[in-house]
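Let me begin by presenting the structure, written as structure tokens, before commenting on it.
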Amino acid sequence: MKRVLITSAIPSVNGVKHLGNLVGSMLPADVFARFCRARGYDTLSICATDEHGAPIELAAAEDGIAVKEYCDKWHAVQKDLGDRFGLSWDHFGRSSSPQNRALTEHFARALWKNGLLEVRTTKQAYSATDGRFLPDRYVIGTCPHCGYDRARGDQCENCTRVLDPIDLIDPRSAVSGARDIEIRDSQHLFLKQSKFVDKLRAWIAGHVHDWPVLVTSIANKWLDEGLQDRGITRDLEWGIPVPDDIAGGQLKGKVFYVWFDAPIEYIGATKEWADKNSLGDDAWRDWWYGDKAKDVTYFEFMGKDNVPFHTIIFPAMIMGTGEPWKLVDRLKGFNYINYDGGKFSTSGKRGLFMDSALEILPADYWRYYLMANAPESSDSNFTWEHFAGVINKDLADVLGNFVNRVTKFCVARFDGKVPSEGVYGEDENALCAELDRRVAQYTDYLEALEFRKALGELRAIWVAANEYITRSAPWTHFKNDRAQAAVGIRMGLNLVHLFGHLAWPVMPNAARAIHHAIQDSPPVIPWPDEPMKEFLDQLEPGQAINPPDVLFAKITDEQVADWQLRFGGMGES
RNA sequence: GGCAGCGUAGCUCAGUGGUAGAGCAGGGGAAUCAUAAUCCCUUGGUCGGGGGUUCAAAUCCCUCCGCUGCUACCA
């Protein structure tokens with residue numbers, strides 16, 4: 001059986017994610033995972049919260065709670081929102097887990113043993129008032145180039161020049177405002193990325209045809225600019241401590257850089273999953289390690305900001321262990337979705353976040369819209385008018401109304417049972433032939449991770465059903481040829497049944513409601529692989545149906561106006 | 001500054017050498033089962049500007065303009 005491993009870039013634990021975060025990683029990963037399960041593949045879908053890094057430490061401090069407590073709280077919130085969005089992870093882990101700590105230590109030891117890590121002394125900003133080293137971006141001061149007085153230590157926002165905290169005039173702590181910034185020596189571990197350039201280049205060259213241009217161009221850009229060795233430890237309290245047996249204990253009290261342990265958490269979370277279900281070590285290792293994992297196809301989903309970490313640093317780490325860990329096979333990167341012409345912003349609370357999205361509409365509305373307009377070839381733009389137009393036309397009018405008109409007619413004229421009279425003729429054969437093509441195309445697009453095109457094809461399938469029922473016109477035939485009307489409605493009901501199957505990866509709840517109009521559905525609604533002539537002729541005549549209530553309520557102009565007001569935006573960023 | 005992506009119909013986007021496309025919006029018609037939902041026909045573009053290669057360019061090359069992103073301690 002085909003084995004498919006799916007990971008989505010792990011979201012930072014701090015706060016509720018916005019729709020931009022969702023559309024580039026978690027949502028497409030879930031649509032694909034559901035599709036794979038529907039096709040009967042052996043599928044493992046993994047995500048987690050990324051719980052390390054200076055911003056998280058500082059956010060906890062701001063809330064006046066311990067970092068552990070902060071992470072517990074927001075992990076639970078994100079898990080709950082994921083569940084409510086229908087994200088069907090096999091496991092939603094935590095990068096702070098003991099499993100990830102053990103694996104991170106393992107990776108570091110293997111890299112150390114292979115001579116691919118080295119200790120270097122770096123100059124770091126330190127504030128005695130804060131009692132801590134400050135990451136570059138947490139030192140602010142006056143830009144030496146343009147005089148902007150709130151330049152960050154890593155870059156001046158005003159003139160965009162890249163800076164070093166040492167360059168700043170009148171430097172101060174962004175945490176406390178303290179001015180006692182001094183530069184101290186600090187020792188850190190560096191990953192000798194420069195040793196991997198040729199290997200990485202060859203590996204990436206092998207994927208120019210199955211990765212998006214976006215991904216290979218970002219990866220090659222990093223290689224072309226020359227890979228610098230990268231610091232993989234930080235002077236922080238919260239994180240995975242560097243074990244004493246590395247570098248003779250010189251790094252006591254330091255933790256690994258968040259981007260060192262975060263990708264390892266894909267593996268860590270898989271071990272968490274195995275442990276939680278008492279499956280034993282082989283259960284997780286067979287997905288990731290050695291010969292048993294060779295038949296696994298590994299898919300990663302992420303926004304473009306994550307691409308360098310997944311095409312350069314993490315692969316270098318894996319290659320550097322010299323151990324047979326799985327490298328990604330298919331890397332799907334996404335651009336950004338903008339909100340009313342500006343950026344989504346977590347800190348600026350601009351845009352639409354997962355919790356408020358669910359307050360106003362069910363998850364499936366968002367799932368459909370976001371995948372149908374996924375930012376695959378370039379950034380895309382969310383506007384309330386466009387959103388309402390798509391939902392109303394595609395979901396309410398084309399799909400929802402089809403289900404409604406067919407089931408209502410069946411109740412009114414055929415006693416709410418699948419009619420038995422008549423036999424399929426030329427029109428039905430032609431429809432089956434068309435749907436054979438279209439369903440195959442839809443399937444191919446999903447296999448190819450072309451979500452926007454896939455959903456366009458799904459929509460075309462719904463349109464084909466409306467065209468058929470118009471040609472078939474059972475409401476006309478009913479008056480003098482009941483058998484002819486029965487054929488149209490029987491096919492109509494079979495089409496509704498088909499829609500329940502086809503929509504499930506994208507809209508699991510709506511798909512279930514549609515399927516329920518015909519009959520109960522299994523937990524995983526399987527993919528309709530058989531010829532349409534068979535699939536669309538399988539409902540038992542005489543079987544009772546359950547006409548649903550309105551499946552998709554239309555969005556009114558008043559709602560659009562209300563939401564625009566409530567969620568701000570309107571072009572300002 | 002450097003690099004990358006993008007620029008095609010009013011809007012959102014397909015289209016990598018061979019007669020400019022889809023959906024939505026707009027216009028006309030049909031139908032009346034249905035959430036006034038559907039179906040058919042249709043208006044609409046010198047493919048960001050300019051130059052070049054070619055029998056042929058939205059597509060390849062050069063150049064300019066615009067938007068967006070990245071630029072390694074924000075993930």
Side-chain angles (χ1 to χ4, degrees), chain A residues 9-14 21 50 52-56 122 124-125 133-139 152-155 159-162 164-165 188 193 212-214 217-218 220-222 224-231 234-236 257-259 262 303-309 312-313 335-336 338 341 343 346-347 372-373 376-383 385-386 389-390 392-413 452-453 456 459-460 463 465-476 478 485 488-489 492 547 549-554:
Chain A
I10 67 176
S12 171
V13 77
N14 60 338
N21 299 124
D50 171 14
H52 295 139
I56 289 163
T122 61
Q124 292 257 246
F133 283 97
L134 296 169
D136 291 354
R137 68 183 306 237
Y138 288 109
V139 180
R152 293 192 324 222
D154 54 346
Q155 184 177 33
C159 67
T160 75
R161 294 231 209 185
V162 176
D164 210 282
H188 285 289
Q193 289 190 130
V213 177
L214 175 72
S217 64
I218 291 174
N220 281 322
K221 185 200 127 203
W222 276 56
D224 291 345
E225 288 179 355
L227 273 193
Q228 294 169 29
D229 296 339
R230 183 161 189 132
R234 293 291 183 271
D235 291 292
L236 297 172
Y257 170 44
V258 54
W259 267 111
K304 59 183 166 184
D305 51 341
N306 270 253
V307 167
F309 301 97
I312 305 289
I313 303 168
N335 287 285
Y336 292 147
N338 290 316
K343 278 178 80 171
T346 305
S347 53
N373 296 283
E376 289 177 312
S377 62
S378 63
D379 291 355
S380 69
N381 191 33
F382 176 92
T383 65
E385 291 89 347
H386 188 240
V390 169
N392 289 347
K393 188 70 187 174
D394 292 4
L395 295 187
D397 295 348
V398 177
L399 173 60
N401 181 57
F402 179 82
V403 174
N404 201 20
R405 68 198 295 205
V406 169
T407 53
K408 287 266 173 66
F409 192 89
C410 176
V411 167
R413 304 296 192 193
R452 217 173 166 127
K453 288 178 180 169
R459 196 198 118 93
V463 169
N466 276 304
E467 289 169 4
Y468 165 78
I469 208 74
T470 300
R471 282 196 306 272
S472 174
W475 46 87
T476 305
F478 187 80
I489 289 303
D549 295 330
V550 167
L551 286 164
F552 300 99
K554 287 214 199 197

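Each chain gets a letter, A, B and so on, in the order the sequences are listed, and its residues count up from 1.
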Item to check | Identity of whatever pairs with B:rU16 - Watson-Crick or G-U, under 3.5 angstrom | outcome: none

Next on the checklist: Under a 3.5 Å cut-off for both contacts, is B:rU53 paired Watson-Crick or G-U wobble with anything, and if yes, with which nucleotide?
Outcome noted: none

Checklist entry - With sugar-phosphate meaning primed atoms plus P, OP1 and OP2, does A:T407 contact a base, only sugar-phosphate, or nothing at under 4.0 Å between heavy atoms? => result nothing

Checklist entry - Expressed as a whole number of Å, how far does the P atom of B:rC41 sit from that of B:rG21? => result 15 Å

Item to check | Nearest-angstrom distance from the residue atom CH2 of A:W222 to C1' of B:rA4 | outcome: 14 Å

Next on the checklist: Side chains of A:L236 and A:H52, heavy atoms from C-beta outward: is any pair under 4.5 Å?
Outcome noted: no

Item to check | Within-4.5 Å side-chain heavy-atom neighbours: A:P308 and A:I313 | outcome: no

Checklist outcome for this item: Among B:rA4, B:rU35, B:rA72, the one nearest any side-chain atom of A:F552 is B:rU35

Next on the checklist: For a quick check of understanding: with a heavy-atom distance under 4.0 Å over all strands, which category does A:V258 fall into, base, sugar-phosphate or nothing?
Outcome noted: sugar-phosphate

Checklist entry - Is there a stack between A:F409 and B:rC33, judged by ring centres under 5.5 Å and planes under 30°? => result no

Next on the checklist: Under 4.0 Å, heavy atoms only, any strand: does A:D50 hit a base, just the sugar-phosphate, or nothing?
Outcome noted: sugar-phosphate

Checklist entry - Which one is paired to B:rC3, where only Watson-Crick or G-U wobble pairs with both distances under 3.5 angstrom count? => result B:rG69

Checklist entry - Is the side chain of A:D379 donor-acceptor paired with the backbone N or O of A:N335 at a distance under 3.5 Å, no angle test? => result no

Item to check | Given B:rA34, B:rC73, B:rU12, the nucleotide with the shortest approach to the side chain of A:R230 | outcome: B:rC73

Checklist outcome for this item: Atom CG of A:N381 and atom P of B:rC67 are separated, to the nearest Å, by 16 Å

Checklist entry - A:L551 near the nucleic acid: base, sugar-phosphate alone, or nothing, with a heavy-atom cut-off under 4.0 Å? => result base

Next on the checklist: Rounded to whole Å, how long is the line connecting atom CD1 of A:I489 with atom C1' of B:rA34?
Outcome noted: 10 Å

Next on the checklist: If I pick the P atom on B:rU43 and the same atom on B:rG23, what distance separates them, to the nearest angstrom?
Outcome noted: 13 Å

Next on the checklist: Treating A:D394 as the side-chain partner and A:R459 as the backbone partner, does any N or O pair qualify as donor plus acceptor under 3.5 Å?
Outcome noted: no

Checklist entry - With a 4.0 Å cut-off on heavy atoms, is A:R459 in touch with a base, just the backbone sugar-phosphate, or nothing at all? => result sugar-phosphate

Checklist entry - Of the non-hydrogen atoms in A:P547 and A:V411, which two are nearest, and what is the gap between them? => result CG-CG2, 3.2 Å

Checklist entry - Reckon A:N220 touches a base, only the sugar-phosphate, or nothing at all at heavy-atom distances under 4.0 Å? => result nothing

Next on the checklist: Tell me the interatomic distance from A:Q228, atom CD, to B:rC73, atom P, rounded to whole angstroms.
Outcome noted: 9 Å

Item to check | Which residue lies more 5' along RNA chain B, comparing A:D394 with A:P11 via nearest heavy atoms | outcome: A:D394

Item to check | Side chain proximity check, A:N466 to A:R405, heavy atoms < 4.5 angstrom | outcome: yes

Item to check | C1'-based separation of B:rC61 from B:rU53 [nearest Å] | outcome: 7 Å

Item to check | Between B:rC6 (P) and A:D379 (CG): distance, integer Å | outcome: 11 Å

Item to check | Separation of the P atoms in B:rC55 and B:rA72, to the nearest angstrom | outcome: 48 Å

Item to check | Rounded distance in Å between the P positions of B:rG26 and B:rG69 | outcome: 33 Å

Any protein N or O atoms within reach of nucleotides 36-40 of chain B? Criterion: under 3.5 Å, listing atom names and distances.
residue : atom : partner : partner atom : Å
B:rA37  : OP1  : A:K554  : NZ           : 3.0
B:rA37  : O5'  : A:K554  : NZ           : 2.9
B:rA37  : O2'  : A:D397  : O            : 3.0
B:rA37  : O2'  : A:N401  : ND2          : 2.3
B:rU38  : OP1  : A:K393  : NZ           : 2.8
B:rU38  : O2'  : A:R405  : NH1          : 3.2
B:rU38  : O2'  : A:T470  : OG1          : 3.3
B:rC39  : O4'  : A:T470  : OG1          : 3.3
B:rC40  : OP1  : A:E467  : OE2          : 3.3

Item to check | Protein-nucleotide distance (A:E376, atom CD; B:rU12, atom P), rounded to Å | outcome: 17 Å

Next on the checklist: Using the P atom as the point on both nucleotides, what is the distance between B:rG17 and B:rC60, in whole Å?
Outcome noted: 8 Å

Checklist entry - Is it true that a side-chain atom of A:D229 and a backbone atom of A:Q193 form a donor plus acceptor pair closer than 3.5 Å? => result yes

Checklist entry - With rounding to whole Å, what would you report as the distance between B:rU59 and B:rU16 at their C1' atoms? => result 5 Å

Next on the checklist: Within this structure, what is the NZ-NZ distance for the pair A:K393 and A:K554, rounded to the nearest 0.5 Å?
Outcome noted: 8.0 Å

Item to check | Interatomic spacing from CG in A:L551 to CZ in A:F402 - rounded to 0.5 Å | outcome: 12.0 Å

Checklist outcome for this item: Partner of B:rA31 under the Watson-Crick or G-U wobble criteria, both distances under 3.5 Å, comes out as none

Checklist entry - Taking the same atom, P, in B:rU63 and in B:rU71, what whole-Å distance lies between them? => result 26 Å

Checklist entry - Taking the side chain of A:Y336 as heavy atoms from C-beta outward, which of B:rA72, B:rG15, B:rC70 is closest to it? => result B:rC70

Next on the checklist: My understanding is that a pair needs two contacts under 3.5 Å, Watson-Crick or G-U wobble. By that rule, which nucleotide pairs with B:rC74?
Outcome noted: none

Next on the checklist: With a 3.5 Å distance limit and no angle check, can you tell me whether A:S472 reaches the backbone of A:Y468 through a side-chain donor-acceptor pair?
Outcome noted: no

Checklist entry - Between B:rA72, B:rU35, B:rG69, which one does the side chain of A:V550 approach most closely? => result B:rU35

Item to check | Integer-rounded Å distance: B:rC73 P and A:W259 CH2 | outcome: 12 Å

Checklist entry - Base, sugar-phosphate alone, or nothing: which one does A:G389 contact when heavy atoms must sit under 4.0 Å apart? => result nothing

Checklist outcome for this item: Looking only at B:rA75, B:rU12, B:rU68, the nucleotide nearest the A:F309 side chain is B:rA75

Next on the checklist: With a cut-off of less than 4.0 Å, is there a side-chain N or O of A:R452 near OP1 or OP2 of B:rU12?
Outcome noted: no

Checklist outcome for this item: A:N338 CG to B:rG5 C1', in whole Å, measures 13 Å

Next on the checklist: Can you tell me how the ring of A:F478 sits relative to the ring of A:F409, calling it parallel under 30°, perpendicular over 60° and tilted otherwise?
Outcome noted: perpendicular

Checklist entry - Checking all strands, does A:D305 fall into the base, sugar-phosphate, or nothing category for heavy-atom contacts under 4.0 angstrom? => result base

Item to check | Earlier contact from the 5' end, RNA chain B, for A:P135 and A:K453 | outcome: A:K453

